[in-house]
Amino acid sequence: MTELRPRRSVLYMPGANERALEKAKTLPADALILDLEDAVAPDAKESARERVCAAISGYGSREVTIRVNGLDTEWHDADLRAAAAAGPAAVVVPKVNSAAEVHNIERALELGGAPDHTKIWAMVETPVAMLHAEEIAGASERLTVLVMGTNDLAKELHAEFVPDRGPLLGGLSLCLLAARATGKVILDGVYNDVKDAAGFEAECLQGRQYGFDGKTLIHPSQVEPCNRIFAPSAEEIDRSRRIIAAFEEARAAGRGVVTVDGRMIENLHVENAQRVLALAEAIGAK
């Protein structure tokens with residue numbers, strides 16, 4: 001079963017920027033990715049690694065993860081060793097393309113003494129990863145989250161960025177299927193134009209409608225709308241309560257047919273209503 005923990009908003013924070021790491025303690029993001037990869041210049045990799053590994057505490061209820069450099073880089077092994085020793089909630093690994101790579105990451109974390117609570121978040125961002133998403137997602141119980149890398153996927157597909165993300169939907173759907181088939185969480189990719197609030201909200205809504213659990217973000221201004229869109233609305237909560245109550249009442253009375261607002265209710269609707277209420281409760285408990 002998918003772990004029920006709110007991951008509506010998952011914000012990348014540059015690991016080389018001490019002010020940004022401090023600011024993250026005040027932001028209402030559900031989770032943080034302290035980044036050692038794209039946000040850090042080559043000559044700052046080692047100092048950023050030390051800073052990030054020393055900074056994973058003090059973030060309250062926020063889930064704090066570390067994004068290491070890719071498997072094919074000179075920094076990857078040292079990043080994994082340092083992250084294993086630091087013990088964040090998860091290690092985020094870019095461009096995971098196979099189950100074998102997941103096994104290697106898991107083995108490196110174990111050899112580095114990573115605590116059991118340090119999970120693997122695999123970034124899937126290549127055509128190869130799309131075609132092997134189920135194998136990647138099911139490769140390890142330590143792997144709990146798939147993270148879409150939509151910028152890299154678009155680059156490798158030679159695709160254009162268009163508002164409905166049509167060129168990417170095949171890959172997004174394959175990864176969603178893989179996540180749900182293996183009981184893993186899946187996070188949508190980033191939205192690049194931080195000044196386009198309307199476009200960002202539209203993409204959040206699309207991601208939620210598709211079934212993503214949340215979205216990765218590149219700017220603090222994106223946190224609030226993302227939290228709002230990926231949370232159950234008051235109307236959804238009310239309807240979910242009424243569905244559960246009507247179903248339980250009908251079952252107690254021995255009735256086989258249940259309707260709410262004129263629509264027939266089945267077990268699948270009850271299960272979805274229970275999930276909505278559980279998510280709302282988890283958000284409220286943060």
Side-chain angles (χ1 to χ4, degrees), residues 7-17 19-21 23-24 27-42 44 48 52 62 65-70 73 92-97 121-130 133 145-176 179 185-231:
R7 294 186 177 99
R8 301 162 297 170
S9 54
V10 181
L11 179 64
Y12 288 101
M13 299 301 290
N17 188 328
R19 285 183 61 192
L21 296 180
K23 179 179 176 61
L27 300 173
D30 287 338
L32 303 168
I33 299 176
L34 310 186
D35 190 17
L36 299 178
E37 192 205 15
D38 288 344
V40 180
V52 161
R62 298 166 191 83
T65 72
I66 296 173
R67 179 163 76 162
V68 300
N69 286 280
T73 68
V92 184
V93 184
K95 290 187 175 64
V96 176
N97 287 323
W121 291 14
M123 295 196 69
V124 283
E125 42 193 336
T126 66
V128 170
M130 302 301 105
V145 178
L146 296 181
V147 182
M148 297 303 307
T150 44
N151 283 339
D152 279 276
L153 178 60
K155 177 181 77 71
E156 297 214 12
L157 291 176
H158 306 162
E160 296 184 15
F161 286 97
V162 294
D164 67 355
R165 295 196 292 180
L168 304 184
L169 293 183
L172 295 177
S173 295
L174 284 171
C175 292
L176 276 158
V185 168
I186 183 166
L187 302 174
D188 199 358
V190 300
Y191 189 80
N192 299 309
D193 187 350
V194 298
K195 295 183 179 180
D196 181 9
F200 173 72
E201 292 204 17
E203 191 166 290
C204 284
L205 182 59
Q206 181 197 44
R208 182 183 173 180
Q209 290 172 340
Y210 260 71
F212 284 103
D213 295 291
K215 190 168 182 65
T216 47
L217 312 175
I218 58 172
H219 193 272
S221 66
Q222 297 175 326
V223 172
E224 186 281 326
C226 191
N227 280 347
R228 170 170 41 82
I229 291 170
F230 277 95

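Values reported hereafter were calculated over all heavy atoms of this structure, with side chains retained and with hydrogens, waters and symmetry mates removed. Just so it is clear, the model here is predicted, and its values are computed rather than measured.
- Not a single donor-acceptor pair under 3.5 Å links the side chain of N69 to the backbone N or O of T73.
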Item checked: Residues M130, V124; criterion side-chain contact (heavy atoms from CB on, under 4.5 Å); working and verdict -> CA-CA 7 Å; M130 302 301 105; V124 283; 4.0 Å; yes
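- With D30 as the partner, the side-chain hydrogen bond (donor to acceptor under 3.5 Å, both in side chains) test is satisfied by one option alone out of R7, R62, R8: R8.
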Margin query: Pair W121, L187 - check side-chain contact (heavy atoms from CB on, under 4.5 Å), show working.
Written below: CA-CA 10 Å; W121 291 14; L187 302 174; 3.9 Å; yes
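- How far CG of L217 is from OH of Y191: 13.0 Å, rounded to the nearest 0.5 Å.
- Just one residue in the list L11, V190, D188, N227 forms a side-chain contact (heavy atoms from CB on, under 4.5 Å) with K215, and that residue is D188.
- Note that CD1 of I218 is 9.0 Å distant from CZ of F200, once rounded to the nearest 0.5 Å.
- Taking each heavy atom of G189 and E203 in turn, the nearest pair found is O-OE2, 4.4 Å.
- In plain terms, the two heavy atoms of M148 and L172 that are nearest each other are CE-CD2, 3.6 Å.
- Across every non-hydrogen atom of S221 and H219, the tightest pair is OG-ND1, 2.8 Å.
- The shortest heavy-atom contact between V93 and V68 is CG2-CG2, 4.1 Å.
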Margin query: Quick one, E125 with T150, criterion side-chain contact (heavy atoms from CB on, under 4.5 Å). Give me CA distance, side-chain angles, the key distance, then yes/no.
Written below: CA-CA 6 Å; E125 42 193 336; T150 44; over 6 Å; no
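- We find the CG-NZ distance between L153 and K95 to be 10.5 Å, quoted to the nearest 0.5 Å.
- A 4.5 Å side-chain heavy-atom check between C204 and F230 finds at least one atom pair inside the cut-off.
- In this structure, the separation between CE on M13 and OG1 on T65 is 12.0 Å, given to the nearest 0.5 Å.
- Between the side chain of D213 and the backbone N or O of I186, at least one donor-acceptor pair lies under 3.5 Å.
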Next item on the list: Any chance you could lay out the side-chain contact (heavy atoms from CB on, under 4.5 Å) test for L36 and R67, step after step, and finish with the verdict?
Entry: CA-CA 6 Å; L36 299 178; R67 179 163 76 162; 5.9 Å; no
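- P167 approaches V162 most closely through the heavy-atom pair CD-CG2, 3.5 Å.
- Nearest heavy-atom pair, P127 versus E156, reported as atom, atom and distance to 0.1 Å: CD-OE1, 3.2 Å.
- Put simply, CZ on R208 and SG on C226 are 11.0 Å apart, with the number rounded to the nearest 0.5 Å.
- Of the inter-residue distances, the one linking L34 atom CG with L21 atom CG reads 5.5 Å to the nearest 0.5 angstrom.
- For Q206 (side chain) and R165 (main-chain N/O), no donor-acceptor pair under 3.5 Å exists by modelled atom type.
- Residues D152 and T126 have side chains not in contact (no heavy-atom distance under 4.5 Å, counting atoms from C-beta outward).
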